[in-house]
Structure formats: C-alpha cells, structure tokens
Colleague: 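Got a structure for you, written out below as structure tokens; questions coming shortly.
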Amino acid sequence: MRWETVIGLEIHAQLSTRSKIFSGSATTYGAAPNTQASLVDLGYPGVLPVLNAEVVRMAIRFGLATGCSIAPRSVFARKNYFYPDLPKGYQISQYELPIVHGGSLDIDLPEGSRKRIGITRAHLEEDAGKSLHEDFHGMTGIDLNRAGTPLLEIVSEPDLRSPEEAVAYMRRIHQLVRWLGICDGNMQEGSFRCDANVSIRPHGETRLGTRTELKNLNSFRFIDRAIRHEVERQIELVEDGGQVVQETRLYDPERDVTRPMRSKEEANDYRYFPDPDLLPVIIEPATIEAIRAGLPELPTARRERFVHAYGLSDYDAGVLTASRELADYYEAAVAAVPAAAKLLANWTMGELTAALKRDAVEIADSRVDARALAGLVARIHDETISGKIAKEVFEAMWAGEGDADSVIEARGLKQITDTGALEAIVAEVVAAHPGQAAEYRAGKHKLMGFFVGQVMKRTQGKANPAQVNALIKAVLE
Amino acid sequence: MSLTNDQVRGIARLARLSLDEAEVAEVADKLASILGMVDQLQATDTAGVVPMAHPLDAAQQLRADEVIETDHREEYQRNAPLTEQGLYLVPRVVE
C-alpha cells in the first residue's frame, strides 16, 4: 500500500524581550541558576502576574506578517499539570481564545513550486524551568531562570506532507521571526524549538490517521530524522496489523529512534480554565494599525523586489534575503554600484559569506562593510583589477589594510591596461616558447591557456585575461 | 450525573490527592452533587452570550518591558528543604 504522511508543527519561539511575560525578571540566557527567578516566577502565594506589553506587540507583528486575524479579545488560561520545573502546578497559556489565528505562510518546494501552509493559531504562554538530571545524590536539580520566559507557540495546519516540507516550513518561520525581530532563533539555546504531530494514511484517504507527537526537536536535522523514523515506525506497525496509539514520543538523536514518553501520558488531561489572575486582553484596531505601519518589508516581497530591481535570479534573491541583516547589507552596497548588481551579489554570497563563516563573525560586525565591498566590486567592474586579484584585495581588506583603492595602490595591483606594454610581454612570451607557438599554429589551440598563464606569471596576475587572450590570438593566428 | 470510582481515582491522581477506598466513594457522592448543579447550569439557554472570562468588566493592564527584579536567590532558597549549586533539589524525576 502507498502511504501519505501528514505533519503539523507546533513551533515555540522565545520572544526576545528584556523581561519575562508576567514578571520583571531578566530573561538573559546563561545566568547563574535561579538568579533570575522572582516570587512570581517561583509561584509564591499572594503574587499576581502582570502582562508584558512587548509580548503582545510581538505576537501581533507575527500575526500581521502571516495574514492572521488578531483577536480583539483574547484570554489566558491555566494548563494544569504537575512537574517540578513548573512551580505553580499550571502553565499560563491561551486555549480557546488565542491572540492570533487563521493565516498562512508559503514555502518553496524543491522542484521550484510554492505551497501554502495554513497557520491555525499562535498563542502566548510562559516557559517552564529546567530540570537537570545529572547526579545530585540521586536527586534532580531545578533551575527556574527560564520559568516565565515568553513564548509564542505557532501551530500549523496538518498541511505538511513530508519531512522536507516540515523542515522548509520551519526554516521559513525561523527566518520570519528573526526578520521581525521578535525571536533570536538560537536553537542551541532553545529559543526556537518544535513539536511535530505525525500520522500516516493510505493515499487518497481524506480522514486523518491517529497521530503521535514528537517532542522538543531543536535542530532542523533532528526534525527531518525524527519524522522520517516515526513515519517508518508507523507504516511498519500498521502493515504488521497493529494500530498507532496516540501518544507523546521523544526523539533520541544518539540512538536515532523515537520512544514513548511514559511519564506524561496520564497527564494528557490538562483541565484548562480561564486564569482568574489575568483579565482578557483587549486589542484596539488602532493598536493593530500602528503595529502594521511599523512592519518591515517582508522576506517574500523583498525577494521579489530584488529580482525586479537588481535583475537577480530568484535563487540569488532568496539567498540574499535569508536574513534581514544580509538583505540590508546587500542593498546598502548595491546603492553604491548599481551597475554591478549581479557581480556584487556573487561577492556577497561568495567571498563575504565564506569569510564571515570562517571567522564566525556576524554580518553586522563584518570586517568589510557594505560600502567597502561595493568599493571593491566597483574596481572589478571598471576593470582596474581582475576577479582573481580582487580575492587578494578582499583578504587584505578583511585583515584591516584599508579600502579597496588603498590596498590596490599600496600593493601595486592595478591591472596593466596599457596595450603597448602588454603587447611587448606577449611577444616576449611567444618568443621564449617557440615550440609551443608552433604547436598552437598547427592547431593545438588548447595551448592558449599555457600562454595566458605565462603572461599572468610575468605580470603577477595584473593583466586583464580577456585582453591577454586577444593579444595572444593576434600574434599567433 | 454520577461518577465511577475509577473516574474519581483518575481525577485524584491528576490533582495529586491520595484517597483511600472509603474516601473514593464519599468523594464520588460529593462530586456527583456538584455535577448535578452543573447540569442545572447547562440547562440554561446561553445562545448568544459571550462566555465570561473574568467577573470584572475590565481589560488587562500591560506593563512596560523592563527588568525591575533583582537577585534574591539566597533569601528565597532559605525556604527550600534542599539546594545545591544554586539549584533546588527535588526527588529524582526521570523521563
């Protein structure tokens, strides 16, 4: 039988606020344990949560960017379960009336088409603390610094049909939340993680199969592998006459398997009810419009504009708009060399990106800024230097030797454009290699490369290759 | 509406309450009378009424995103039976 995979994702994006969702504690990552846990975060009696205005603003930004409706009235609810890293015995979340619902996001499929993925809802909630199961004399250590950190849980429709689509969708959400400045997207630190609901059904079936939930997938690679394994497991199970049981499973990256999470099974009844400590959140249309007016140009629109305004391929435009910082860099640079937009794109995606990666530098701290890269590309474009020499100039700029013009001047890298001087060198090279010259004239034209190489050697690479080619041809043919 | 003893045991487990068999039967009766009242409420026609999320007719006030709390770990941890390296220690929970 042919099976169809059905996947829905629940993505948890940690909102980049200074303080927590319901308290004035800091959210700084990596602080000493429990130094950022206030009485509210610790669940002491008699304290009250007060909602952070910034998390509301950030949720609205996300909602508007994905074509969602913003609820004029949304309600916080208590999700009840017992776990030591949840001091109150409940997590404040949203249930029946989330702040954002009903939108979509388009993903690119490998064959070049686009697919629209529905976004069911996005709701605000607080994170739990962290349990450390290392050896504390057989006990568990609890760090509540993370308790109360604001999360936006983004729930997709079950529209994804393969691990590849799931990863593509997650990457688009990752790009978008960073683009909007609402989440730093740091997966190592747990700022961006996801649960996947996975089921299978026979091809052509329209009803959904029984799903399992894969928890806490915190890298793009793990999502892909965990879903792959879970689908294989379900198919094998059903083909052997078994039935999929609705349960929560954990992916174990070391053993590359998923296994059931027994302890939480019985806790599936969360008994949600409206949190009496918090009033409904009322959002006025004027607030929404003010936030809409402050939205940046979104990734898809910017990508399309890059194609039209700068004549780039859709692929190049996609790479350059992977992050807002990269897109800003490119646009700042292209303003200085509009005639060399494609060349500049190549340099941005090639040398610059490679150097940033090599030295683990963020683009905002690039040692060659947008204006400097534009200056270098301008010199390639006006043929002052060749592309090959430009790589040397770039490395010198990266090392802090100054802008392109001063490096070219200081190192004497200016391309020889004086035809007379080049003609003399070409004549010397041909005279020095009579054998090869004869072979060339006899039809062995691939020797052209040899002559060009010799000329380049004598000019330390400063000759214009196209010009050298033409001059050699003129002498030999 | 009545509850089975198994349902009562399930609810007790979720609430981390330990009931002996005599208590299970007693609690089942008490819960059934509460549910009877809920049934009465359910019978009311609420078509067109927005569910109430809070008894006060007011909107949530928001606070500015500012860090106003400082570290009081030492004080707070004096209330805990066991701490180590800044962590609260609890009976081992293993996934």
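Hydrogens, waters and symmetry mates play no part in the numbers below; they use all other heavy atoms, side chains included. So you know, we letter chains A, B, ... as the sequences are listed, proteins then strands, and number each from 1.
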Colleague: So what's closer than 4.5 Å to chain B heavy atoms on A/Arg57: side chain, backbone, both or neither?
Modeller: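 Neither part, no heavy atoms under 4.5 Å.
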
Colleague: Could you give the distance from CG (B/Leu19) to CG (B/Asn5), rounded to the nearest 0.5 Å?
Modeller: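 Rounded to the nearest 0.5 Å, the CG-CG separation comes out at 10.5 Å.
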
Colleague: Got a sec, which residues hit side-chain contact (heavy atoms from CB on, under 4.5 Å) with B/Glu75, two or more places apart in sequence or on another chain?
Modeller: B/His72, B/Arg78

Colleague: Which atoms of B/Gln85 come close to chain A, meaning under 4.5 Å heavy atom to heavy atom: side chain ones, backbone ones, both, or neither?
Modeller: both

Colleague: Give the interface residues of residues 123-132 of chain A toward chain B, defined by a heavy-atom separation under 4.5 Å.
Modeller: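 Listed by number: A/Leu132.
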
Colleague: For the backbone of B/Thr46 and the side chain of B/Thr44, can you confirm whether one donor and one acceptor N or O come within less than 3.5 Å of each other?
Modeller: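 Answer holds: no.
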
Colleague: With a 4.5 angstrom heavy-atom cut-off, which part of A/Ala37 approaches chain B: side chain, backbone, both or neither?
Modeller: backbone

Colleague: Hey, are A/Arg225 and A/Asp256 close enough for a salt bridge, meaning a charged N less than 4.0 Å from a carboxylate O?
Modeller: yes

Colleague: Both conditions, 6.0 Å and 45 degrees, for the charged tip of A/Lys79 above the ring of A/Tyr270: are they met here?
Modeller: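 Ring-cation test returns yes.
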
Colleague: Quick one: which of A/Pro274, A/Ala31, A/Gly138 has the most heavy-atom pairs under 4.5 Å with chain B, could you say?
Modeller: A/Gly138

Colleague: Counting only heavy atoms not in B/Glu23, do more than 12 fall under 6.0 Å of its CD?
Modeller: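 More than 12 within 6.0 Å, yes.
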
Colleague: I'd like to know which of B/Val90, B/Leu62, B/Ile68, B/Val50 tops the heavy-atom pair count under 4.5 Å against chain A.
Modeller: B/Val90

Colleague: Need one label for A/Val75: side chain, backbone, both or neither, based on atoms under 4.5 Å from any heavy atom in chain B.
Modeller: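 Contact with chain B: side chain only.
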
Colleague: Contact part of A/Pro33 toward chain B, heavy-atom cut-off under 4.5 Å: side chain, backbone, both or neither?
Modeller: both

Colleague: For A/Asn52 and A/Thr17, indicate whether the former's side chain and the latter's backbone hold a donor-acceptor pair under 3.5 Å.
Modeller: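 No; judged by distance alone, with no hydrogens or angles, the pair does not exist.
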
Colleague: Is the Lys NZ or Arg CZ of A/Arg78 less than 6.0 Å from the centre of A/Tyr90's six-membered ring, within 45° of the axis?
Modeller: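 Satisfied, under 6.0 Å and within 45°.
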
Colleague: Evaluate side chain to side chain donor-acceptor pair (under 3.5 Å) for B/Asn79 paired with A/Tyr44, printing each intermediate quantity in order.
Modeller: CA-CA 11 Å; B/Asn79 292 329; A/Tyr44 270 63; 2.9 Å; yes

Colleague: In terms of ring plane angle, is the pair A/Phe76 and A/Phe22 parallel, tilted or perpendicular, where the classes change at 30° and 60°?
Modeller: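 Perpendicular: the ring planes of A/Phe76 and A/Phe22 meet at over 60°.
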
Colleague: Can you tell which part of A/Leu42 gets under 4.5 Å to a heavy atom of chain B, answering side chain, backbone, both or neither?
Modeller: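 Contact with chain B involves the side chain of A/Leu42 alone.
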
Colleague: Under a 4.5 Å heavy-atom cut-off, does chain A meet the side chain of B/Pro51, its backbone, both or neither?
Modeller: backbone

Colleague: Need one label for A/Pro84: side chain, backbone, both or neither, based on atoms under 4.5 Å from any heavy atom in chain B.
Modeller: side chain

Colleague: Take A/His229 and A/Val257 through the side chain to side chain contact (heavy atoms under 4.5 Å, CB included) test and state the conclusion after the steps.
Modeller: CA-CA 7 Å; A/His229 280 280; A/Val257 292; 5.5 Å; no

